[in-house]
K.L.:
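What follows is a structure written as structure tokens; I'll ask about it next.
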Amino acid sequence: METLSSAIVILMRWEVLIALLVGSIGGVIIGAVPGVGAAVAIAILLPATFAMEPIVGLTLLLGIYGSSMYGGAIPAILINTPGTAVNALTTYDGHPIARDGNPKRALSLAYSASFFSGIFSVLCLILLAQVLARVAPHFGSREIFLAALLGIVLVVLAHRGKVLAAGMMACLGIFLNTVGLEPVKYTRRFTFDQTWLASGIDLIVVVLGLFALSQAFLLLVDKDGRPESTRLEGGLFGGLKELWIYRRVATAGSSFGVLMGMIPGVGEFTSQFMSYSYAQKTSKTPELFGKGSPEGLVAAESANNAVPGAAMIPLLALGIPGEALTAMMLSVFYVHSVIPGPQLFADQMPFVVALYISLLLLNIFVLIFLVFSTNQILRVIRIPTRFLGVTILTLAFVGLYSLRNSMTDCIIGATFGILGLILKRLEWPIVPIILGMVLGGIMEVKLRSSMARIKSPLDFVDRPIAAIIFAAIVLVIGLHIWTYFKKSDKDGKVPEGR
């Protein structure tokens, strides 16, 4: 009880509440603008959060992260254009429902499913993070190294059809992390006698370049667009009642979202398709899926919105991010010397509980905001894409320069922005670069610290947790190879990009 009261005191400060409110509402608006998304917004705001207190900066970023998918459903349903990439499946059934004259019903169902799954995932975070944090003290250097390696493997293999490209990008991220002074003896690596490389390549510079600047360049070089939208009449509370009819689908979708969100590199897309496939196979009217099925809409929205809360479980308990957005949040922890893991739960439990409560509050804020403000958000959808590109470009360069007042950071960021644009044109994955930088750093430090006690390769797996993680790595790779050859035999040829 004392912990809860301390957490409430932390949250009741005006700057924390404003950060949560701004993040929640801002995330909805950003998610509703096609072509932006939470990653771009968080990348732009990241430098500013370093000057804030940890709880303020994190609630701002969590607000954007947890609410952007709510907003992304609006253009997906009304104009068949997903606001964020993970709302693509929402268009399958959401837009047909709206096109048939029921846009209010489609939006109401989407909001209700997202709200249910958001609360569901936070409750799972509260329960599972505690359990994992109790197990985490048994993680030594080799266990954390193997856990980070498992994360890299899962991230790479999650990009089906582009595994080779994802592996190359992950290796590039690991390499980028090695540039500069190495962490033990502080000798220079890959600096080529260039003093500006001695401090290494900053993760935030890479994030801003790959996400914000690349998206700005993409919006500027593509044809200018201005989507049209229609005004809604009436209230949006009906979906809360109707969701009770589809409670089985919503619960299953939320469960898939939590399970996939906890696994590094898997995330929203896998959980959505698993949830959608389950809903279709168990539906009494499977023929309606893709043509305006309410069950399909609930399955898609409940699965994607459960992921943010679940993705915080390995981040808080082990300090291992599962995807790009939690990797960005990890940098906020590190800047303020707040290290996620068992010690965080032991020493700063009120801080952790405050994060839990903020995740619950943001879902409530967002639902109330959407119910009363959807018509106003529809105006945001109509922003010309090139104007949007110029705005993102300006804010990204301001963020880059403000990091260290360095033009070098701006040049490096622009370089990664061009690289990001090329990768997007090639449809190659970008996220593995960021996770390669983050997890690569963890792997190097833990590997070097564990080597003093390792005399043979088998010593790496002579403890139960290490053996289990290593077995998981072998199993995942083995299953992927088996699937690869099975598909090769079936098709009579080698699948591309595997």
K.L.:
Mind checking side-chain hydrogen bond (donor to acceptor under 3.5 Å, both in side chains) for Ser24 and listing every partner two or more places apart, or none if nothing turns up?
P.N.:
none
K.L.:
Is any side-chain heavy atom of Leu475 closer than 4.5 Å to one of Leu479?
P.N.:
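Yes, their side chains come closer than 4.5 Å.
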K.L.:
Just jot down the salt bridge (charged side-chain N to carboxylate O under 4.0 Å, His left out) partners of Arg247, sequence neighbours excluded, or say none.
P.N.:
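For Arg247, no residue satisfies salt bridge (charged side-chain N to carboxylate O under 4.0 Å, His left out) once neighbours in sequence are set aside.
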K.L.:
How about CZ on Phe351, more than 12 heavy atoms from neighbouring residues, nucleotides or ligands closer than 6.0 Å, or not?
P.N.:
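Yes, enclosed.
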K.L.:
Under the criterion side chain to side chain contact (heavy atoms under 4.5 Å, CB included), I'd like the reasoning laid out for Leu316 against Leu125: C-alpha separation, chi angles, the key distance, then a yes or no.
P.N.:
CA-CA 9 Å; Leu316 289 176; Leu125 166 64; 4.3 Å; yes
K.L.:
Would you please name every residue forming a side-chain hydrogen bond (donor to acceptor under 3.5 Å, both in side chains) with Ser67, sequence neighbours left out?
P.N.:
none
K.L.:
Where do Ile97 and Gly292 come nearest, in terms of heavy atoms and distance?
P.N.:
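Nearest pair, atom of Ile97 first, then Gly292: CG1-O, 3.5 Å.
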K.L.:
Which residues pass the side-chain hydrogen bond (donor to acceptor under 3.5 Å, both in side chains) test with Arg248, not counting sequence neighbours?
P.N.:
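Listed in chain order: Tyr278, Thr282.
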K.L.:
Measuring only between side-chain heavy atoms, which start at C-beta, is Leu362 closer than 4.5 Å to Tyr65?
P.N.:
no
K.L.:
What's the separation between atom SG in Cys171 and atom CG in Leu176, rounded to the nearest 0.5 Å?
P.N.:
11.0 Å
K.L.:
Can you check whether Leu60 reaches Leu20 side chain to side chain, under 4.5 Å on heavy atoms?
P.N.:
no
K.L.:
Between Thr59 and Val56, what is the shortest heavy-atom contact and its length?
P.N.:
OG1-O, 2.9 Å
K.L.:
Quickly, which of Val353, Leu359, Leu355 forms a side chain to side chain contact (heavy atoms under 4.5 Å, CB included) with Ile357? Name it, please.
P.N.:
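Looking at Val353, Leu359, Leu355, the match for Ile357 under the side chain to side chain contact (heavy atoms under 4.5 Å, CB included) is Val353.
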K.L.:
Taking everything shown except Glu287 itself, do over 12 heavy atoms lie less than 6.0 Å from its CD?
P.N.:
yes
K.L.:
List the steps and the verdict of side chain to side chain contact (heavy atoms under 4.5 Å, CB included) for His480 and Val153.
P.N.:
CA-CA 11 Å; His480 177 76; Val153 170; over 6 Å; no
K.L.:
Run the ring-centre check on Phe115 versus Tyr70 and record whether the distance is less than 6.0 Å.
P.N.:
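Distance test on ring centres: not under 6.0 Å, no.
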K.L.:
Say you draw a straight line from CD of Gln280 to CG of Leu288; how long is it, rounded to the nearest 0.5 Å?
P.N.:
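Going from CD on Gln280 over to CG on Leu288, the span is 10.0 Å.
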K.L.:
Testing the basics here: between Ala106 and Leu297, what is the closest heavy-atom pair and its distance to 0.1 Å?
P.N.:
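In this case the closest contact between Ala106 and Leu297 is O-CD2, 3.3 Å.
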K.L.:
Between SG of Cys124 and CE of Met312, what distance do you get to the nearest 0.5 Å?
P.N.:
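Nearest 0.5 Å value for the SG-CE distance: 14.5 Å.
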K.L.:
Is there a side-chain contact between Phe116 and Thr251 (heavy atoms, below 4.5 Å)?
P.N.:
yes
K.L.:
Find the distance between CD1 (Ile418) and CG (Leu210) and round it off to the nearest 0.5 Å.
P.N.:
11.5 Å
K.L.:
Just list the side-chain donor-acceptor pairs under 3.5 Å for residues 430-442, sequence neighbours left out, or say none.
P.N.:
none

K.L.:
Decide side chain to side chain contact (heavy atoms under 4.5 Å, CB included) for Gln215 and Leu218; before the verdict, give the C-alpha distance in whole Å, the side-chain angles of both, and the deciding distance to 0.1 Å.
P.N.:
CA-CA 5 Å; Gln215 189 61 35; Leu218 193 65; 4.1 Å; yes
K.L.:
Can you tell me which residue pairs pass the salt bridge (Lys or Arg N to Asp or Glu O under 4.0 Å) test with a partner in residues 435-446, sequence neighbours excluded?
P.N.:
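Sorted pair list: Arg189-Glu444, Glu444-Arg448.
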K.L.:
Please report the closest heavy-atom contact between Ala354 and Leu11, naming both atoms and the distance.
P.N.:
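In this case the closest contact between Ala354 and Leu11 is O-CD1, 3.5 Å.
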K.L.:
Restricting to non-hydrogen atoms, name the atom on Ala41 and the atom on Ile64 that form the minimum distance, rounded to 0.1 Å.
P.N.:
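Answer, listing the atom of Ala41 first, then Ile64: CB-CG2, 4.1 Å.
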K.L.:
If you compare all heavy atoms of Asp93 against all heavy atoms of Ser293, which two are closest, and at what distance to 0.1 Å?
P.N.:
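Heavy atoms only, the tightest pair is OD1-N, 2.9 Å.
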K.L.:
Would you say that Leu213 contacts Leu208 through its side chain, given a criterion of any heavy-atom pair below 4.5 Å between the two side chains?
P.N.:
no
K.L.:
Any heavy-atom pair between the side chains of Ser121 and Val307 that's under 4.5 Å?
P.N.:
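No. Closest side-chain heavy atoms not under 4.5 Å.
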K.L.:
OG/Ser114 to CD1/Ile119 distance, rounded to the nearest 0.5 angstrom?
P.N.:
11.5 Å
K.L.:
To the nearest 0.5 Å, tell me how far Asn177 CG sits from Leu203 CG.
P.N.:
8.5 Å
K.L.:
Is it the case that Glu301 and Thr90 place a side-chain donor and acceptor less than 3.5 Å from each other?
P.N.:
yes
K.L.:
Decide yes or no for Phe217 and Lys424: does some side-chain heavy atom of the first lie under 4.5 Å from some side-chain heavy atom of the second?
P.N.:
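When only atoms from C-beta onward are counted, Lys424 and Phe217 do not touch, as no gap falls below 4.5 Å.
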K.L.:
Using the rule given for side chain to side chain contact (heavy atoms under 4.5 Å, CB included), can you reason through Ser302 versus Phe256, listing the C-alpha separation, both sets of side-chain angles and the distance that settles it, and then say yes or no?
P.N.:
CA-CA 9 Å; Ser302 60; Phe256 281 121; over 6 Å; no
K.L.:
Side-chain contact test, heavy atoms from C-beta onward, threshold under 4.5 Å: evaluate it for Trp428 versus Lys162 and give yes or no.
P.N.:
no
